[in-house]
Amino acid sequence: MSSLADLDRDVTACRACPRLVAWREEVARVKRAAFRDQTYWGRPVPGFGPPDAAIGIVGLAPAAHGANRTGRMFTGDKSGEVLYAAMHAVGLASQPTATHIGDGLELYGTRITAPVKCAPPANKPTTEERDNCRSWLVRELALLRPTLRSVVILGAFGWQALLPILHTAWVVPVPRPRFGHGVRYDLAARDDGPPLSVFGCYHVSQQNTFTGRLTPAMVEDVLTAAKTAAGLA
Ligand code: SF4
C-alpha cells in the first residue's frame, strides 16, 4: 500500500467527476473579487494532518473560495475560522487561525478530510459524485487505521458517506445509527484491532454558526470527547 503522502499527491490529479472538475476550475478562473489577485488551487483538496493521527475529522467538501482557493481543508473561510479556533482551544491545533498553506498551522494527532474532495456547486455534491470519491476516503482511512481511535463527523452528509466505509473495518449497528449533534457510538473492530469511537457534530457552516444552532463551546465539547476517547487527553 502506498503512503498517505502518495495518496495526497495522487488525489490532487483526479478528474473523475466532470461537473466538479468544471466547477472547481471555473471558480478558480473567475474568482471572488476580494481574492482576484490570488492564484486559486482549483483542484481536489487532500486531507490535512499527520499520518499517524488518532482523531479524524470528516466534513463535507471543500468550499469554493476557501479550500478550493487555498488548497488546504477548511482554510480561508468562515467554517474554518470556527473549526480551527475550537481545535486550538482544546489543544488539537497550534494556532486558532488558518489562512493559507505556509501559515504555520500544525494539527496535533488529528487529520481533517472530506468524503468529496472537490468543491461542489451550492455545497451539494450528487450521490454519484460522492460515490466516485469514495475510494479516496477508503484508502485514506485504511492508511490511518493503525492509529485512528475516534472520528468526529461534521454534518449528516459526512455521516451518510462515512458510516458505510467504516463498516468495512468496524461493526456499524443495523439499523445504522442516526446522525445528531453530540451522539457517540463505539464500534468494535471486525478483526482483533482496537475499537473506534464515532461522534456526530453539526457542521461548522455559517448556516449553523451564524444562527447560533452551533456555538464554539458545542464544537469544543465534541472535540474534547473525541480527544479523550482517542487517549490524547
Ligand atoms: S470529487 Fe473526488 S472523485 Fe470526483 S473529481 Fe474530485 S477527487 Fe476525483
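Counting starts at 1 for both ligands and their atoms, following the listed order. Just so it is clear, the structure is predicted and the values come from calculations on it, not from any experiment.
Aromatic pair Phe157/His203: ring centres not closer than 6.0 Å.
Under the 4.5 Å side-chain heavy-atom criterion for Ile, Leu, Val, Met, Phe, Trp and Tyr, Leu20 and Val27 are members of distinct hydrophobic clusters.
To the nearest 0.5 Å, atom CZ of residue Arg19 and atom CD of residue Glu128 are 10.0 Å apart.
Under the rule for a side-chain hydrogen bond (donor to acceptor under 3.5 Å, both in side chains), the partners of Glu26 that lie at least two apart in sequence or sit in another chain are Arg29. Legend: residues meeting side-chain hydrogen bond (donor to acceptor under 3.5 Å, both in side chains) with Asp8, ordered by chain and number and at least two apart, are Arg111.
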Validation: residues 169-183 side-chain donor-acceptor distances under 3.5 Å, sequence neighbours left out:
from   : atom 1 : to     : atom 2 : distance (Å)
Trp170 : NE1    : Pro194 : O      : 3.2
His181 : ND1    : Tyr202 : N      : 3.0

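If you look at atom 4 (Fe) of ligand 1, the protein N, O or S atoms less than 2.8 Å from it are Cys17 SG.
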